There are 2 protein chains.
Amino acid sequence: MRSNVTMRDIANKLGVSSVTVSKALNDKDGVSEELKEKIKLLAEEMGYRFNTHAKSIKDGLSYNLGIVIPERFTGTTQSFYLQFYQMLTKILDGYHYSGILYILGQEDEDQLILPRIYNEKKVDGFIILGQIGNEYVKEIQKIDSPVIFLDFYTDQNEIDSVLTDNFFGGYEITNYLVENGHKKIAYVGNIYATSSIQDRFLGYYKSLLEHRIELRQDYIIYDRDERGKYIDIVFPDDMPTAFVCNNDEIAYNLINNLQKNGYQVPEDCSVVGFDNSIFAALTEPLLTTVEVNIKEMSKAAVKIIMEKLHNPNEKYGRTLINGKIIHRNSVKKLS
Amino acid sequence: MRSNVTMRDIANKLGVSSVTVSKALNDKDGVSEELKEKIKLLAEEMGYRFNTHAKSIKDGLSYNLGIVIPERFTGTTQSFYLQFYQMLTKILDGYHYSGILYILGQEDEDQLILPRIYNEKKVDGFIILGQIGNEYVKEIQKIDSPVIFLDFYTDQNEIDSVLTDNFFGGYEITNYLVENGHKKIAYVGNIYATSSIQDRFLGYYKSLLEHRIELRQDYIIYDRDERGKYIDIVFPDDMPTAFVCNNDEIAYNLINNLQKNGYQVPEDCSVVGFDNSIFAALTEPLLTTVEVNIKEMSKAAVKIIMEKLHNPNEKYGRTLINGKIIHRNSVKKLS
DNA sequence: CTGAAAGCGCTTACAG
DNA sequence: CTGAAAGCGCTTACAG
């Protein structure tokens, strides 16, 4: 029962032309209200479905956008990007666009093989979600469709990107600790490892500066080596009252570690994280953390790429979106 | 620099017809090898990209498949389905198909609103990933495109589905414990809560039967009420030496619980789980568990839907795929 | 307000 | 081996 109802079928039944049906179904001028209603009703009744391909072939647009996630981000820890995808498609819907999720295999990334959906003109542009190799960035910049990078930035190339404001997030969460009476605040992370760890640290530092709290070298606690491998955390002799962790996983490890050493959280030590990932839900007590604002970032990314669709040559640069603090139970107010 | 190279452009440059170019690019007969090579080379050079829409409009196929995931499975715990999607698209690639991930909002599910990609003929069929409401199942069964259900089954309707063999998995993992010398084996789960918990339990029971081990009612340990809400686990007076948990999250909770009560895992008690989810990586020691065979399930699902594309009326029924045991450190061999 | 004609980029069936 | 003609389902620009 493959339905192949076309506009012509509707037109024939009504004794009008397919042009009129097209106008009616698209709510365009040039059809009487009465006829328009009649056409819409009949279309519904006959189970008519619009054939996007016919439109696509006319105006050279697929009304699909490729959303690319490198496969290394699809492991068990990373449902994060799936939530991004969900939000992106919801927003694209308002533009009458659909999203096509394309998971970029490591091999294709290494060999600079572009997504097949590009070569088959199934998409009008790309949103790249997460860090990809620099060579691939260059390659995808060359294509004749707009591209925007989401949650990833590189200064090697001039790219348009939408990012969470790591600096501001570090600043705000530290402010929050200060407001709760903390002065002995440590930062947990290797500040040479990645730019997001670094930026979050600098936000932490700015908060200290503003509140005239000295930056202590023994309060910068390393959690990994420069290649990213986690190392054992060493506590300073003079224990801090609060820890700003560069992500939730580290916060999770830190809390377990503190508890094994007889410290209570948050009674003895407050701990905050970043990301609001699964790990923030596994700590006991539940973790106060900074959540990436998926909705606003998605909105911004879609808005920019839609504009790029019409102005391919305009540059949009970096767009920073603030995260938001999720208040839970891992911070104690000091009196 | 929007490239709009068409077959005609290539044809004109070479002084041949677009029919010949079409044949050459599609590796069809009726063009000399020499000319074919020349055409392919020039196409490459001119940056030609195939326009799927033109083909689609001819043969009424979009060469896309909708992969639908209900949004409640996109939370932080569920990267599982993203891995499925990745595998599915990899396999679809071999059929020259692309996947379109469609996340079904709760509201749309309740109101029985079909995906827009269906109404716009952007897909030729659907793979439904995970449990959806019965009314929605009925609704989507009505459409004139093939549908297959993956990792979900209902006996309310006659549906074609691909499932992991929970029964066999329960059987195998219990056999494994028996092989390791265990006789006092408990099952953790409410056997009235879901059919997968039930089937896994029955597999466990079959293994006991085969090995002439008595099924003890006090060794069926409830982990949740019938509405699925987790409850505190109560240990039997006569402690088992091994626990078969109905999923990894429960195993994670159980292990923590055991350790708090002074039992060592696996020295005092062995524990196994199901799913190989993130929780299997968070236990200390790492959890031995049964992994869903994503690859074989995906292969089967794609194969069936491709056949349904050509034989819309054939019934395929339920296809069961065995899981596989992932050996880690939570089982002790009893001497 | 309504519609005939032409065209989007490709493929199929046929003729040479 | 090569290509002219027709058509897939829709829309645009124009004529009435």
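Here is how names work: the chains are called A, B, and so on, in the same order as the sequence lines, proteins then strands, and each is numbered from 1. What you see is a predicted model; the values in this text were computed from it and never measured.
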Among all residues two or more places apart in sequence or in another chain, which pass the side chain to side chain donor-acceptor pair (under 3.5 Å) test with B/Asp110?
B/Gln106
Sorted by chain and number, sequence neighbours left out, side chain to side chain contact (heavy atoms under 4.5 Å, CB included) with B/Asn134 holds for B/Thr154, B/Gln156, B/Asn157
Hey, can you pull the residues of residues 7-22 of chain A with a non-hydrogen atom under 4.0 angstrom from DNA chain D?
A/Met7, A/Val19, A/Ser22
Which pairs would a plain distance check flag for residues 296-309 of chain A, meaning a side-chain donor or acceptor within less than 3.5 Å of a matching protein atom at least two apart in sequence or in another chain?
from	atom 1	to	atom 2	distance (Å)
A/Ser298	OG	A/Ile294	O	2.7
A/Lys308	NZ	A/Val147	O	2.9
A/Lys308	NZ	A/Asp160	OD2	2.7

Under the salt bridge (Lys or Arg N to Asp or Glu O under 4.0 Å) test, residues paired with B/Glu135 that sit two or more places apart
B/Lys138
Looking at A/Lys13 and A/Asp9, is there a salt bridge between them, counting it only when a charged N and a carboxylate O are closer than 4.0 Å?
no
Short side-chain to backbone donor-acceptor contact, A/His53 and B/Gly60, under 3.5 Å:
no
The complete set of ring-ring contact (aromatic ring centres under 6.0 Å, His included) pairs with one or both residues in residues 122-154 of chain B, sequence neighbours excluded, reads B/Phe149-B/Phe152
Is there a donor-acceptor contact under 3.5 Å from the side chain of A/Glu37 to the main chain of A/Ser32?
no
Residues in contact with DNA chain D, drawn from residues 28-37 of chain B - heavy-atom cutoff 4.0 Å
B/Gly30, B/Val31, B/Ser32, B/Leu35
How does DNA chain D read in dot-bracket, base by base from 5' to 3', with Watson-Crick or G-U pairs under 3.5 Å and | used when the partner is on another strand?
|||.||||||||.|||
Between B/Tyr48 and B/Asn4, is any side-chain donor less than 3.5 angstrom from a side-chain acceptor?
no
Those residues that, when tested against B/Glu120, pass salt bridge (Lys or Arg N to Asp or Glu O under 4.0 Å) (two or more places apart)
B/Arg116, B/Lys122
Please table the atom pairs, donor to acceptor, closer than 3.5 Å between any side-chain atom in residues 38-47 of chain A and protein atoms at least two apart or in another chain.
from	atom 1	to	atom 2	distance (Å)
A/Lys40	NZ	A/Asp27	OD1	2.9
A/Lys40	NZ	A/Asp27	OD2	3.3

Note: chain A reaches DNA chain C at heavy-atom distances under 4.0 Å over the stretch, first to last nt, 5' to 3', of C/dC1 to C/dG9
Set of salt bridge (Lys or Arg N to Asp or Glu O under 4.0 Å) partners for B/Lys58, sequence neighbours left out:
none
